[in-house]
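Here the structure is laid out as structure tokens; the discussion comes afterwards.
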Protein chains: 4
Amino acid sequence: MLDRGVESVSIEEVAAQAGSGKATIYRWWASKEVLALDALDRELSSVLAPDTAETGSLKEDMLVRLRELVRLFQERPFGRVFAGIVAHAQSDPEFALLYVDRFVRPRRQLMHGFLDAAVDRGELPAGTDYDFALDLVFSPFWNRVFHRHGPVDEAWAEQVVDAALAGLCAAPVRAR
Amino acid sequence: MLDRGVESVSIEEVAAQAGSGKATIYRWWASKEVLALDALDRELSSVLAPDTAETGSLKEDMLVRLRELVRLFQERPFGRVFAGIVAHAQSDPEFALLYVDRFVRPRRQLMHGFLDAAVDRGELPAGTDYDFALDLVFSPFWNRVFHRHGPVDEAWAEQVVDAALAGLCAAPVRAR
Amino acid sequence: MLDRGVESVSIEEVAAQAGSGKATIYRWWASKEVLALDALDRELSSVLAPDTAETGSLKEDMLVRLRELVRLFQERPFGRVFAGIVAHAQSDPEFALLYVDRFVRPRRQLMHGFLDAAVDRGELPAGTDYDFALDLVFSPFWNRVFHRHGPVDEAWAEQVVDAALAGLCAAPVRAR
Amino acid sequence: MLDRGVESVSIEEVAAQAGSGKATIYRWWASKEVLALDALDRELSSVLAPDTAETGSLKEDMLVRLRELVRLFQERPFGRVFAGIVAHAQSDPEFALLYVDRFVRPRRQLMHGFLDAAVDRGELPAGTDYDFALDLVFSPFWNRVFHRHGPVDEAWAEQVVDAALAGLCAAPVRAR
DNA sequence: CGGTAATCGAGACGGTACGTCATGTCTTACA
DNA sequence: TGTAAGACATGACGTACCGTCTCGATTACCG
């Protein structure tokens, strides 16, 4: 899937390579995309690693996760599979829910913890819109992953976090 | 396509609805995705409209375009088709080039003009990385379109532009 | 099976309806067809009933059994299942043997007794080919069951027996 | 199909051997059985051959066709395929109609001509039930094909026709 | 103005993959 | 120990589209 994308892989191929019947694949995964989601969840679990806990600085907390994401995507081309998953989620509401439940929510929730702590420490204005904040920090990453219009590396990650946090402090956005 | 996504539409269906033979479709478009790109380009051309020229303020220049995007996406669900196009571009390099050429580049170039003017006016530090700047402003939009984790409206658009520009001034990023 | 034919019934269905595991069905019957044969044998055993013994007239002896067959097939649509069994026997020699052993032979043997007696009584020429004789009497029945090109009822049964026996006497056939 | 029966042949196999796609087979034949029927019709067309016309004697007319059938079935094992077709017709009424239309009716109609002529010549009582008559002559053939309980050859064919015609004259059956 | 292209609709074709179903074997867990 | 429940590898089912291809019919242009 990493090599050719979700949609170019057939369940028939998966079953053959697994030495199993198609029906067995279907018994456990409702579709190629659910299978891909399961696999991605596994491969990208290091971002959620509890052993790299809160650092005491919001910038550092975010940078640790963003750097880990960058590292993983540099190592292996997850972008193709991700694009396939996101595209599929547009047309399959049930899958969209699963995607959010299994992938998006846990990662967002981890960040919510760090944001809470940052507000407590006074690093961020109280009442800051977390969804807005996380978009500012992480969406440039996804944008570059999907469009490849520029490099995605550690230096860039730090610039993004710096700019985003500066923006959040200079132009605070309260949750509505 | 807007209703069901690119991949759920078959060329056979397109041909039937157009009252033409499949071969005629293939004669003019290399694939469903190219066809979709052509259609999107047409429907989203208003963002490039020259009649809404430079306003004298970078914030306003960006806001005009972002608001237009928001308006278009509120009116009709382009997100589904876009996700399909982006996903397809991941696996088909030739199509990726076409996508950038026909869709991404013209829109980015328009913005480059506004950024140049902003630098001239001193609104932005000289040497600012334009790709970085545009990511900061526009990627939250695509992120919300693809993930639907929050509203996308005019008020939100202004908050994004404010935060992004503030971030860019507070933590300047020079093109490398 | 009577409703839908042997081949449209799955072992899975049988097991489910019996409240048993599939393996248990397989332990006792080698295949759907053997199971069907067992069931048919039971349902069609009345033709072999010893309580309706020799009548003293060949015509009557045959008519009793043919009428019983007709009655059974009028009551319930055994034809479908029979066709399935006969078809299966064409491709599975082992099953063919079982079919003859369990179903065909006992019924033919009963008739042989009546034919012997008829020869003794002088109703039939000595040396008559019994297989030939039984074909003449009973094959129209199977033909109509399988092709449904005409009614199968008591009046018809008597006509068949009359014509067949007349033919056998007028154009005797000696066993070779 | 002759070697392994209709049901043991898969459409996939047919398509592969024909060097065509499955869909092409399905475009022209609704099912394996219809395909088999088409093939049988072709292979068994010699029975309908108009070049072997009326002989002037009913016995001879029937014998010519029955002998041709016997010859064909001796040459190649059509029985297996026939049993499959007959079995399938039991559960698929639409196919049953097709089978009668394409296979049974033309052959029966040919015989009706001969029977008419025989009645005209006085060989058969006027008003004879043709379906009954044809059953008497031909059903032993099908019975032996399906059950293989005895030889099917030219000598046997003549005995069948003799006995059947004798029976029809001795015990006339009027159409109801 | 009539003949020659080009273009088109229609749809057959060889393929690939789909998702479902049933096969017969097997393992597990309970009674 | 025997059995229900059901997982499993297998393989065919019939369907949907793919992208290519051949047909005629219809334009439309040129000689």
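All chains are named by letter (A, B, ...) in the order of the sequence lines, taking the proteins before the strands, and each is independently numbered beginning at 1.
- For C:Lys32, whose side chain is taken as the heavy atoms from C-beta onward, the closest listed nucleotide among F:dA16, E:dT23, E:dG9 is E:dT23.
- Without hydrogens or angle criteria, A:Ser46 side chain to A:Ala49 main chain gives no donor-acceptor distance under 3.5 Å.
- Residue order along DNA chain E, read from the 5' end via each residue's closest nucleotide, puts B:Ala18 first among B:Ala18 and C:Ala23.
- Between the base of F:dG6 and the side chain of C:Lys22 there is no donor-acceptor pair shorter than 3.5 Å.
- Across F:dC13, E:dG14, E:dG9, the shortest atom-to-atom separation from the side chain of B:Ser20 is found for E:dG9.
- Between the side chain of C:Arg80 and the backbone N or O of C:Asp3 there is at least one donor-acceptor pair closer than 3.5 Å.
- One N or O on the side chain of C:Arg107 and one on the backbone of C:Phe103 form a donor-acceptor pair closer than 3.5 Å.
- Minimum heavy-atom separation, C:Lys22 to C:Glu12: NZ-OE2, 3.0 Å.
- Contact annotation: D:Trp28 reaches the phosphate of E:dC13 (side-chain N/O to OP1 or OP2, under 4.0 Å).
- The distance from atom OH of D:Tyr26 to atom CD1 of D:Ile11, rounded to the nearest 0.5 Å, is 4.5 Å.
- A tilted orientation is assigned to the rings of D:His147 and D:His149, their planes being inclined by 30° to 60°.
- A close approach under 4.0 Å does not occur between any side-chain nitrogen or oxygen of B:Arg27 and OP1 or OP2 of E:dT7.
- Contacts between residues 1-15 of chain D and DNA chain F, defined by a heavy-atom separation below 4.0 Å, involve D:Ser10, D:Ile11, D:Glu12, listed by number.
- Taking atom CD1 of A:Ile25 as the reference point, atom C1' of F:dA7 lies 13 Å away to the nearest angstrom.
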